[in-house]
Each structure stands twice: as C-alpha cells, then as structure tokens.
Amino acid sequence: MPEGPSIVIMQEEMQAFSGKKILEASGTANIDMNKLLNRKVVAIKTWGKHFLICLPHLTLRIHLLLFGKYSIDEPRKGKPKLQLRFTNGTLYFYACSVTEIEEDLDDVYDWTTDLMNKQWDPAAARKRLRSHPDMLLCDALLNQDIFAGAGNIFKNEILFRTRLHPLNTVGAIPTSKQAAIVREMHTYAFEFLRWKKAGVLKKHWEAHTKKICPRCGIPFHKEYLGKTKRRTFFCESCQIRYA
DNA sequence: CCGGTTGTTCAGCG
DNA sequence: GCGCTGAACAACCG
C-alpha cells in the first residue's frame, strides 16, 4: 500500500470522517488514547507517505511502512495499532507507525516537496536534487526530502523511463536528465494513482520486477544498490551510465 | 509453507 | 560524532 499515490487513495476513502468527532479510540500504538476522545477531526491530509489526521492543536501521523494496512468498518485479523470510532463508522490501522505532531504542520512539512500536493514545485525539486551531486540516482529517487511520496516502484520505473543507470551520481548526469527525472516523477505519480485505482498498476510496470527489458529484449539486472540497498531492476544496455 | 518485500527508525558497533 | 549494519515492525503474495 505504501507509496504516495496509495496514501492519497486512503485519504479519499477516509474523507467522510473529516469534521467528525472521535467517540472511541484504542489500539496498541504508544500514544495516550484518552486524549483523543471527543476531539474533532478538523482535516485529513497527506505528505508523501505520511497520513495525517488533524485534530485541534494535535496531528496523528500514520505511516504504513512496508506492511501497513487499513480498513473502514471491517476489522481485519490481528490487533490494530489504532482504531477510531465515529458516528458514521470506524477506522482501523494495522502494522503502522503512529506518532503525534504537536507543532503547526506548516512548520513541519514542506508541501512543495510532496509529489501529490498542489504545491509541488518542480523547480524546487531540481534545486534539491542538484544539491546532492555525489548521491547515487538509486538513492536520490528514494529520498523523501527530494521526492516525498516516491518509493521503490517509482525509482525503478523512472530510471527506466529516463534511460538512466541507477549507479550514476546526480552530478554526473546532464541537467536535462535531472529535469527529466523531476518531470517523470510527477507524471508517474498521477499515472500510478490512476492505475492503482483501476487495479491495473502492475500491468503497467516496465522495469519493476521485470526479467526482460521491454525496449531491447536483453535480461534486466536485479541488484540491491546504493545506501538504501533496495531492489533495483535495470537494463545495462538501455540505461546510460555517464560516470 | 517459506521467502521476499511498495519503508523507516533506532540500537549497537568500530 | 560518524557511518554502517542489522533488527524490529508483522501482512500478504506467489
């Protein structure tokens, strides 16, 4: 579930609870459930992979990590980390991280970094990318300070679309390629959203989990690369290595 | 049925 | 203090 577009879908599914009062709060998360009682959800927001339930002067930050799941009205097996009952239904969150944010969200989050946000700023993203010349592309494309909401699927698909080898450093590639990464990231984010909603996301993968390059037909490499050591699928022939 | 993973944080170590 | 490694979390798919 966890990449940015999936969190936007979750937000849409839970939007009916915005404006509602918490009648019951429980779960294994290490927060004080009592203080949530009778408080009104003033907004539900997202930033990258962060799902934000805003109460007056307090925000619950839910991160699904790798395995997290949620449901509405239908409890799953296992103990929820957080369960919130409202007049119009109950929200369940499993295997996730739940933390509290006391500060003003605008002081915590740079909304221009979030691929899914209206305030997404490609020029600012190019600048942030450029500021890490020694970072490998396979790490940069997962960096939430540069591309909030991007995940491993994004990384593999964008590197393939831009014909860039994952082991290039940011500084080694042309400025035009840096711009192409930023552009494709944003384009793919909304394709991901559309395809995920339609249940056809996997069908559109060109690189992620693939064994053969769809462009030239030779076998993909599958390696765990970079500081992030995440699965990377790439074509040694089609994806250019500058340095 | 087991192995692997759309992710992040933190403890422990050198 | 730094960077690196591994653990922890714990659900589902193939």
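Being a predicted model, the structure only gives us computed values, none of them experimental. Letters go in sequence order (proteins before strands), and every chain restarts at 1. Just the heavy atoms: all of them, side chains too, but no hydrogens, waters or symmetry mates, feed the values below.
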Identify the residue among A/F192, A/F147, A/F190 that makes a ring pair (Phe, Tyr, Trp, His ring centres under 6.0 Å) with A/F154. A/F192
Provide the distance between the two P atoms, one in B/dC1 and one in C/dA10, to the nearest whole Å. 23 Å
Using the P atoms only, state how far B/dG4 lies from C/dA7, rounded to an integer number of Å. 14 Å
Think A/R231 forms a cation-pi with A/F233, using NZ or CZ under 6.0 Å from the six-ring centre and within 45 degrees of its axis? no
Any donor-acceptor N or O pair under 3.5 Å, side chains [X], [Y]:
X: A/R61; Y: A/T99; result: yes
X: A/T228; Y: A/D139; result: yes
X: A/Y70; Y: A/E13; result: yes

If you compare every side-chain N and O of A/K69 against the phosphate oxygens of C/dA11 (OP1, OP2), does one of them come in below 4.0 Å? no
Measuring to OP1 and OP2 of B/dT6, would you say a side-chain N or O of A/H208 lies under 4.0 angstrom away? yes
Figure out the [atom1]/[atom2] separation between [X] and [N], and round it to whole Å.
X: A/F93; N: C/dA11; atom1: CZ; atom2: C1'; value: 17 Å
X: A/D139; N: C/dC4; atom1: CG; atom2: C1'; value: 13 Å
X: A/Y70; N: C/dA11; atom1: OH; atom2: P; value: 16 Å
X: A/H50; N: B/dT9; atom1: NE2; atom2: C1'; value: 11 Å
X: A/W47; N: B/dG7; atom1: CH2; atom2: P; value: 14 Å
X: A/N143; N: B/dT6; atom1: CG; atom2: P; value: 18 Å
X: A/L141; N: B/dG7; atom1: CG; atom2: P; value: 12 Å
X: A/W195; N: B/dT6; atom1: CH2; atom2: P; value: 18 Å

Closest approach of A/L23 and A/L37, non-hydrogen atoms and distance? O-CD2, 3.6 Å
Between A/K155 and A/E3, does any side-chain N to carboxylate O distance fall below 4.0 Å? no
Does the distance from a Lys or Arg side-chain N to an Asp or Glu carboxylate O, for A/R241 and A/E236, drop under 4.0 Å? no
Close N/O contacts between protein and nucleotides 6-9 of chain C (under 3.5 Å):
none

Give the residues of residues 225-235 of chain A touching DNA chain B, defined as any heavy atom closer than 4.0 Å, sorted by residue number. A/R230, A/R231
Ordered by number, residues from residues 151-166 of chain A within less than 4.0 Å of DNA chain B (heavy atoms) are A/G151, A/N152, A/I153
Starting the side chain at C-beta, find the nucleotide from B/dT5, B/dT9, B/dT6 nearest to A/K196. B/dT6
Heavy-atom count around A/N30 CG within 6.0 Å, excluding the residue itself: above 12? no
Rounded to the nearest 0.5 angstrom, the OG1-CZ distance for A/T87 and A/R85 is 9.0 Å
Of all the base pairs, Watson-Crick or G-U under 3.5 Å, which form stems of three or more consecutive pairs involving DNA chain B? B:2-5 with C:11-14, B:7-14 with C:2-9
Which atom pairs, one a donor and one an acceptor, fall under 3.5 Å between side chains of residues 124-132 of chain A and the rest of the protein, sequence neighbours left out?
{"unit_1": "A/R128", "atom_1": "NE", "unit_2": "A/D145", "atom_2": "O", "d": "3.3"}
{"unit_1": "A/R128", "atom_1": "NH2", "unit_2": "A/I146", "atom_2": "O", "d": "3.4"}
{"unit_1": "A/S131", "atom_1": "OG", "unit_2": "A/R128", "atom_2": "O", "d": "2.6"}

By the side-chain hydrogen bond (donor to acceptor under 3.5 Å, both in side chains) test, which pairs, at least two apart or in different chains, include something from residues 32-41 of chain A? A/K35-A/E100
Between the main-chain N or O of A/T90 and the side-chain N or O of A/D73, is there a donor-acceptor pair closer than 3.5 Å? yes
Angle between ring planes, A/W111 versus A/Y109, binned at 30° and 60°: parallel, tilted or perpendicular? tilted
